[in-house]
Amino acid sequence: MAKYESQPSTPNVFIATFTQVAQRRELDGKGLVFVKSRSHPVKDIFTLCAVMVVLGSTIFPSVHALSPVTPVLTGLNFPVSLKFSPDGRIFFNEKNTGDIRIILQNGTLLPTPFATVSPIFNGGEAGLLGIALDPSFVSKGYVYVYFNYRDSQSYTHGHIRRYTAAGNVGTSPLDLFDVISSVPNSIYHNGGYIKFGPDGMLYAQVGEFHNDTRAQETSSTDGKMLRMSPDGSVPNDNPIPGSRVYAWGIRNAFGFDFDPSNDRLIATEAGPSAHDEINIIVKGGNYGWPICSGICHNPSFIDPIVDLNPIVTPTGIAAVAPNTYYFGEWNTGDLMRLELAQNGSVNSTSQVYKQNGGIIAVEMASNGKLYFSSPDAIYSCDVTAPVPPTTNIAVISLEVLAIIVASAALVIVVFYYALRFRRTRTSNLLRPVKTLLLGVNPVPTRCAEIR
């Protein structure tokens, strides 16, 4: 990853100033040049501190100067998932309201929702979750959403519905898929992320609704990566005949994407108290949950390519370049960069950006920018911009510390010489009296002798 470097002149100015002050003090200490009547020490120290204050943001670049991130829209209500239409509009879901919203090309949020899904159940992790646009959106106008609702027996359902866009309004709702939790009152592990693959099929993550044993049952759609035709039917080439199940052994997942350079399907998965995972999903793959969590070296299961400990709750993930991915973390607010080798092994992971509050959706747009969401905003990120290799908070702390130290030094110098001035003034006032009474000649105020 590219790094920001300070301009060579900046540290040189700082070092030169410091060196001049040090050399002058060294000469003074030897008695070579000592001028009482001029406040050269004050000027030197003041200059040094001023350089530190004024150039602090260059020596210690701040997050705002380095950040590749720009707010798109703030003051939102939990934008949990987003997609881009070919004409540049942003479609996104509000988890808790059930509203599907549209941001126009000029960045304006339409006041009227595209559609409102009702009823929805939004307790815990449930709500209006995933959104996907048909690959032929320009001609068909299909918008797909995944949401949760509760039936009369308090069972939580995961449901996929399709709308047809008439301009900025969703019409003709059509229900395509429904999955029901195995126990009532479930509010966790709903999955809900959906996206079309390069094969034109609709993929969907479904959690195990907090009943972990279902993840290993291939007759169930809980704890699975599903694959279905755009009309919700079962493709003939799925690994289990007559089933939408594409891969299984998945606990609770919040995001996935396809790498267009190699069609790799990469997905995040949240662990329990340990072992968050990033997995490469393959047809018919078993990812171990609940028998195996993290790297188990069990040939019956596919190990993750990244095993995150301590847990960070990875969320959305997006391919930004061949074998290069950005993913969000809910617990930390970090936007992370992951680089893989062609064979899928990890080359590096690094932090790109840190914000207050968790990151949810992470999506790459056709305009070459990455977009991600937080609980109240959507941001864009220039993935071509160089980024700092360390956390932004640490950089800010260094800058603030430098300014505080410089300011404190200034205050100390001012007080010191104010007191010294008072003493000198008092001494000068009393000198005629001392001379008259004691016959003491005043000490000359200028001396250029070498002792």
Side-chain angles (χ1 to χ4, degrees), residues 2 67-73 76 79-93 100-110 114 129-146 162-168 170 193-205 230 254-268 315-328 335-340 352-353 359-374 377-387:
S67 174
V69 171
T70 304
V72 175
L73 206 60
L76 301 178
V80 69
S81 187
L82 55 97
K83 292 293 188 298
F84 314 94
S85 66
D87 62 8
R89 289 175 292 171
I90 301 175
F91 287 72
F92 71 92
N93 289 345
I100 307 167
R101 308 296 301 273
I102 294 178
I103 301 174
L104 297 179
Q105 297 90 330
N106 62 6
T108 301
L109 175 67
L110 288 180
F114 172 80
L129 303 177
I131 187 170
L133 272 58
D134 192 280
S136 302
F137 177 79
V138 172
S139 58
K140 295 180 179 178
Y142 292 157
V143 177
Y144 299 75
V145 293
Y146 183 111
R162 188 184 77 191
Y163 291 87
T164 301
N168 292 321
Y193 191 82
I194 57 177
K195 179 171 282 191
F196 278 91
D199 54 5
M201 297 294 151
L202 181 62
Y203 290 73
Q205 288 172 324
F254 295 106
F256 66 90
D257 198 14
F258 294 89
D259 187 336
S261 70
N262 50 30
D263 292 344
R264 176 188 290 140
L265 173 50
I266 190 166
T268 63
T315 50
I317 189 168
V320 303
N323 303 304
T324 303
Y325 314 89
Y326 280 45
F327 67 93
L335 183 65
M336 302 294 294
R337 177 185 175 108
L338 168 66
E339 294 189 16
L340 302 183
V352 175
Y353 181 74
I359 292 177
I360 314 169
V362 180
E363 296 285 344
M364 191 67 182
S366 58
N367 64 4
K369 288 189 176 181
L370 185 82
Y371 289 75
F372 65 91
S373 68
S374 70
I378 293 174
Y379 303 87
S380 68
C381 176
D382 182 2
V383 297
T384 66
V387 295

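All of these numbers come straight from a predicted model, not from anything done at the bench.
Between Phe258 and Tyr203, the ring center distance clears the sub-6.0 Å criterion.
At a threshold of 4.5 Å between non-hydrogen side-chain atoms, the residues Arg264 and Asn323 count as touching. Between Leu109 and Leu76, some side-chain heavy-atom pair lies under the 4.5 Å cut-off. Contact of the Thr70 side chain with the Lys369 side chain is not registered, since no non-hydrogen atoms from C-beta on lie closer than 4.5 Å. Within the 4.5 Å cutoff, no side-chain heavy atoms of Leu202 are placed close to those of Pro230. Residues Val143 and Ile131 form a side-chain contact, since some pair of their non-hydrogen atoms from C-beta on lies under 4.5 Å apart. Contact annotation: the side chain of Leu129 never approaches that of Phe254 to less than 4.5 Å [non-hydrogen atoms, C-beta and beyond].
Shown here for Gly368 and Val383, the closest heavy-atom pair between the two residues is O-CG2, 3.8 Å. In terms of heavy-atom proximity, Met201 sits nearest to Asp199 at N-OD1, 3.0 Å. Heavy-atom minimum distance, Gly316 versus Val362: O-CG2, 3.5 Å. When every heavy atom of Gly130 is checked against every heavy atom of Ser81, the shortest pair comes out as CA-OG, 3.8 Å. Summarising the geometry of Leu73 relative to Gly107, their closest heavy-atom pair is CD1-O, 3.6 Å, with the distance given to 0.1 Å. Taking both residues in full, the closest heavy atoms of Pro79 and Ser373 are given as O-OG, 2.7 Å, listed atom of the first, atom of the second, then distance.
To the nearest 0.5 Å, atoms CD1 (Ile100) and NZ (Lys83) are separated by 12.0 Å. Note that OG1 of Thr108 and CD1 of Ile103 are 9.5 Å apart. Values are rounded to the nearest 0.5 Å. A distance of 11.5 Å separates CG of Asn93 from CD1 of Ile360, quoted to the nearest 0.5 Å. Rounding to the nearest 0.5 Å places OH of Tyr163 at 8.5 Å from CZ of Phe114. Of the inter-residue distances, the one linking Leu110 atom CG with Ile102 atom CD1 reads 5.5 Å to the nearest 0.5 angstrom. Between Glu363 atom CD and Tyr326 atom OH the span is 15.5 Å, to the nearest 0.5 Å.
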Tyr142/Thr164 under side chain to side chain contact (heavy atoms under 4.5 Å, CB included): CA gap, chis, key distance, verdict: CA-CA 5 Å; Tyr142 292 157; Thr164 301; 3.5 Å; yes
Stepwise side chain to side chain contact (heavy atoms under 4.5 Å, CB included) test for Ser366 and Phe84: CA-CA 8 Å; Ser366 58; Phe84 314 94; 5.8 Å; no
Step-by-step side chain to side chain contact (heavy atoms under 4.5 Å, CB included) determination, Asp259 to Leu340: CA-CA 11 Å; Asp259 187 336; Leu340 302 183; over 6 Å; no
Side chain to side chain contact (heavy atoms under 4.5 Å, CB included) between Val72 and Tyr371, worked out: CA-CA 9 Å; Val72 175; Tyr371 289 75; 3.8 Å; yes
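Between the side chain of Ser85 and the main chain of Arg89, a donor-acceptor pair closer than 3.5 Å is present.
In this pair, Phe372 and Tyr353 present their aromatic rings tilted. The plane angle is within the 30 to 60° band.
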